[in-house]
There are 2 protein chains.
Amino acid sequence: MAEKKSAEKGLSGGKEKTDLKTLARHLDISQTTISRVLNGTAARYRISEATQQRVLEAARKFNYQANVLASSLRSKRSRTIGVMVPEISEGYSSAVLSGIEDELLFAGYFYFVVSHRHRTELLRQYPSLLLSRAVEGIIAIDSDIQADLSVPVVAVSGHRNRPSVVNIELDHQLAAHHALEHLKQLGHRRIAFIKGQTFSSDTRSRWRAICKVAAELGLEIDPQLVVQLQDDGPGVDSGRTATAALLERGQLFTAIFAFNDLAAIGAITLLRETGLEVPRHISVVGFDDILGAATNNPPLTTVRQPLKEMGRVAAKTLLHMLQSSKDGWPKHSIRILPGFVERHSTAPPAVPPRNAFHSN
Amino acid sequence: MAEKKSAEKGLSGGKEKTDLKTLARHLDISQTTISRVLNGTAARYRISEATQQRVLEAARKFNYQANVLASSLRSKRSRTIGVMVPEISEGYSSAVLSGIEDELLFAGYFYFVVSHRHRTELLRQYPSLLLSRAVEGIIAIDSDIQADLSVPVVAVSGHRNRPSVVNIELDHQLAAHHALEHLKQLGHRRIAFIKGQTFSSDTRSRWRAICKVAAELGLEIDPQLVVQLQDDGPGVDSGRTATAALLERGQLFTAIFAFNDLAAIGAITLLRETGLEVPRHISVVGFDDILGAATNNPPLTTVRQPLKEMGRVAAKTLLHMLQSSKDGWPKHSIRILPGFVERHSTAPPAVPPRNAFHSN
DNA sequence: CTGAAAGCGCTTACAG
DNA sequence: CTGAAAGCGCTTACAG
């Protein structure tokens, strides 16, 4: 009964599905030969042109598509990879995913997406769940994979020092230089910083780079002007909160360098509500160059991460790792160069209205 | 050689992976029994408590995870579905995906995503590619699936009248009513419309609803005030272009109802560049309530689509269809109620500056 | 140049 | 209550 039901509604499903056996019987050719023709190894086995033609034609006519499950099980190649993201609905992840997809589908690979939403138990379970799904490799976007996996891993903005993990890393130093040099040139000296959430792996490396570059440029970082994004809301709220906390300290500053565009937009909104105009009173530099950055009011000056390209590079790298032995794997992180987009959220500093820093 | 290499790097992969046979040998219990215990059918076969305990413990100890490929192949249940989207990096699709994921992972399902980017050959190929991947069902987001498939299909904002397709449909009539009633109350009579791209399946149904509701409210629709989004860029550019075309017609209007928030934001940007302020000179109503709508300047008045919920409903519906026979499937579209968010891009109409409609 | 047979790792009638 | 054996639909040594 249960068996019967699944036979009706099961994977074999529709009217039109042909299997190898049927095709073989129809052509009076062995499954072996058909498989070889369809998998492009005909030449290796010197299968006659005539046979190849017959097979190809019949396959088309019967609309034959090999069952990937069976093929994967036997051949140990699933042509599937897993992608771990914090949250698929965020622009960051979905932009990278778009690049990954470009490469993968071109190579005949499909991918599973899992979002862990920063929950540790999901972060722990997902890698092995993906492995039980027979993925050949994993791309982790801003996600720390703790376990050592049996498949190659490429990490985008999440740096692991493990032998089987290759990192795709933004050049944070250059990024920091872009932003700070720009602010310095405009004349800013009192610059506030909104650091990223602790769970984001970019936070540390970017902050280190900022400190280093600031020192090089002779810019002092006042600990009183450093705040950190706290919670995990998808929107701009954590940027607002952080900016409010910053204002509460009552310290003078003329610019903010935000961890990302969302935080920058949140900062601008909050500043506006307290009577501070951007960039007239305060300049704000974002990070990422998300879709909304250009259409924000004012349009955001921001460090541009080439997210889609990072996805493409990640996928390309993983595919390469799948095809070569470990000694062919990249030895180091793969460095991605950020851009810088000057729009209208930055300007030379001006003295802020006198009550600005005494709002509650 | 090739065989050997794949055995090294293949799916069986890591050190820690155990298979059923090994486990059975170790426990001196048949694979059958182990499989039953692990699949939760122990009760049905009255497997003794003691045996169950031993199996469970060993499975944990050896970190046994059934190979889903093998299991799917035999049982005809892949616990995988396919999701077709126009473009994964767009907020619309990724918000719906987020809701889908909520439900699916809870039920032990994984999903493949494919983006067709409105290319017809991809739209045609993907369904059968997904079927060859043994998906049990497909969710199509804003994507017309032409073929009749052998698996159940749920369409989100893409309405097919086919027996095996269930539609998740926004109540466009209510949506149109929200927006037009709001504009009417404010005093607007000359309302311009930016229609959606022809490839978007929502375009037609929404426009029909708008025409109907406009008639009901006694609002006239001037064909001269109707423009359409043309190209397929992900950003706000098509909204700008459409608005420019609208202005070029030199007709008076006091409000715009845009097909989506991106177009609305594009419209606002373009209006601003030609010296028209929103909402002082022109009111703009968006559609979707994407993340950027609230932080736009001015914050967007917009029809809210509960995208994540639509994803959840789509997944729930598909899972339900997979578990019941066809007579248990929903007979009609499943209707989703839109909300309406009044922010600051709308206001009572004012006479526009006299040169406004003679810009080139 | 081609094919018969084994086997991937499971689940499931079938038998007891 | 439990298990031996068949089989899902492929690919791949192996043999000729």
Side-chain angles (χ1 to χ4, degrees), chain A residues 1-7 10-13 17-25 27-55 59 64-79 131-134, chain B residues 1-7 10-13 17-25 27-55 59 64-79 131-134:
Chain A
M1 174 59 187
E3 176 81 335
K4 192 164 157 224
K5 190 164 159 196
S6 87
L11 308 184
S12 60
K17 228 164 197 172
T18 326
D19 63 8
L20 241 200
K21 202 200 278 181
T22 312
L23 206 60
R25 207 159 32 204
L27 285 169
D28 202 31
I29 294 181
S30 74
Q31 299 185 209
T32 306
T33 299
I34 297 178
S35 171
R36 283 171 179 153
V37 172
L38 264 25
N39 289 323
T41 50
R44 189 186 308 166
Y45 294 97
R46 306 172 185 220
I47 294 171
S48 72
E49 262 305 318
T51 306
Q52 291 190 44
Q53 284 314 320
R54 286 186 61 211
V55 168
Y64 174 73
Q65 293 249 53
N67 179 325
V68 179
L69 249 35
S71 154
S72 302
L73 181 62
R74 181 59 176 91
S75 69
K76 307 282 177 207
R77 306 220 59 189
S78 64
R79 275 166 294 157
L131 288 180
S132 78
R133 291 273 176 165
Chain B
M1 173 59 187
E3 177 81 333
K4 192 164 156 226
K5 190 166 161 196
S6 87
L11 308 184
S12 61
K17 227 165 198 171
T18 326
D19 64 6
L20 241 200
K21 203 200 278 181
T22 312
L23 206 60
R25 207 158 34 205
L27 285 170
D28 202 30
I29 292 180
S30 74
Q31 298 185 210
T32 306
T33 299
I34 298 178
S35 171
R36 284 172 179 153
V37 172
L38 265 24
N39 289 322
T41 50
R44 189 186 308 165
Y45 294 97
R46 306 173 185 220
I47 295 171
S48 73
E49 261 307 318
T51 306
Q52 291 190 45
Q53 285 313 319
R54 287 186 61 209
V55 169
Y64 173 72
Q65 293 248 58
N67 179 324
V68 179
L69 249 36
S71 153
S72 301
L73 181 60
R74 181 59 176 91
S75 69
K76 305 284 179 206
R77 306 220 57 189
S78 62
R79 276 167 292 157
L131 288 180
S132 77
R133 292 273 177 165

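The sequence lines fix the lettering, A, B, ..., with proteins before strands; numbering per chain opens at 1. Atom set for the values below is all heavy atoms of this structure, side chains included, hydrogens, waters and symmetry mates excluded.
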For [X] and [N], give me the distance from atom [atom1] to atom [atom2], rounded to whole Å.
X	N	atom1	atom2	result
A:Arg44	D:dT11	CZ	P	13 Å
B:Leu23	C:dT11	CG	P	12 Å
A:Ile34	C:dC1	CD1	P	18 Å
B:Lys76	C:dA13	NZ	C1'	15 Å
B:Leu73	D:dG9	CG	P	7 Å
A:Asn67	D:dT11	CG	C1'	13 Å
B:Leu69	C:dC10	CG	C1'	10 Å

side-chain hydrogen bond (donor to acceptor under 3.5 Å, both in side chains) with [X]: which residues, sequence neighbours excluded?
X	answer
B:Thr22	B:Asp19
B:Thr41	none
A:Ser30	A:Thr33

Considering only atom C1', compute the distance from C:dG16 to C:dT12 and round it to an integer number of Å.
-> 16 Å
Distance between P atoms of D:dA5 and D:dC1 (Å, rounded) = 24 Å
With sequence neighbours excluded, residues passing side-chain contact (heavy atoms from CB on, under 4.5 Å) with [X]:
X	result
B:Ala24	B:Gln31, B:Ile34
B:Arg54	B:Leu27, B:Ile29
A:Gln52	A:Val37, A:Ala42, A:Ile47, A:Glu49
B:Arg46	none

Distance below 4.0 Å between [X] side-chain N/O and [N] OP1 or OP2:
X	N	answer
B:Asn39	C:dT11	yes
A:Ser48	C:dC1	no
B:Thr51	D:dT2	yes
A:Ser35	D:dT11	yes

All stems that DNA chain D takes part in, i.e. 3 or more consecutive Watson-Crick or G-U pairs with distances under 3.5 Å, are C:1-3 with D:14-16, C:5-12 with D:5-12, C:14-16 with D:1-3
How many angstroms lie between atom OG of A:Ser35 and atom CG of A:Leu23, to the nearest 0.5 angstrom?
-> 11.0 Å
Nearest 0.5 Å please: distance from the CG atom of A:Leu38 over to the OH atom of A:Tyr64.
-> 6.5 Å
Are any protein N/O atoms closer than 3.5 Å to N/O atoms in nucleotides 3-7 of chain C? If there are, list each pair with its distance.
unit_1, atom_1, unit_2, atom_2, d
C:dG3, OP2, A:Ser30, N, 3.1
C:dG3, OP2, A:Ser30, OG, 3.2
C:dG3, OP2, A:Thr33, OG1, 3.0
C:dG3, N7, A:Arg36, NH1, 3.4
C:dG3, O6, A:Arg36, NH1, 3.1
C:dG3, O6, A:Arg36, NH2, 2.7
C:dA4, N6, A:Thr32, OG1, 2.8
C:dG7, N2, A:Arg74, NE, 2.9
C:dG7, N3, A:Arg74, NE, 3.4

Which part of the nucleic acid, if any, lies within reach of B:Leu20 when heavy atoms closer than 4.0 Å are counted: base, sugar-phosphate only, or nothing?
-> base
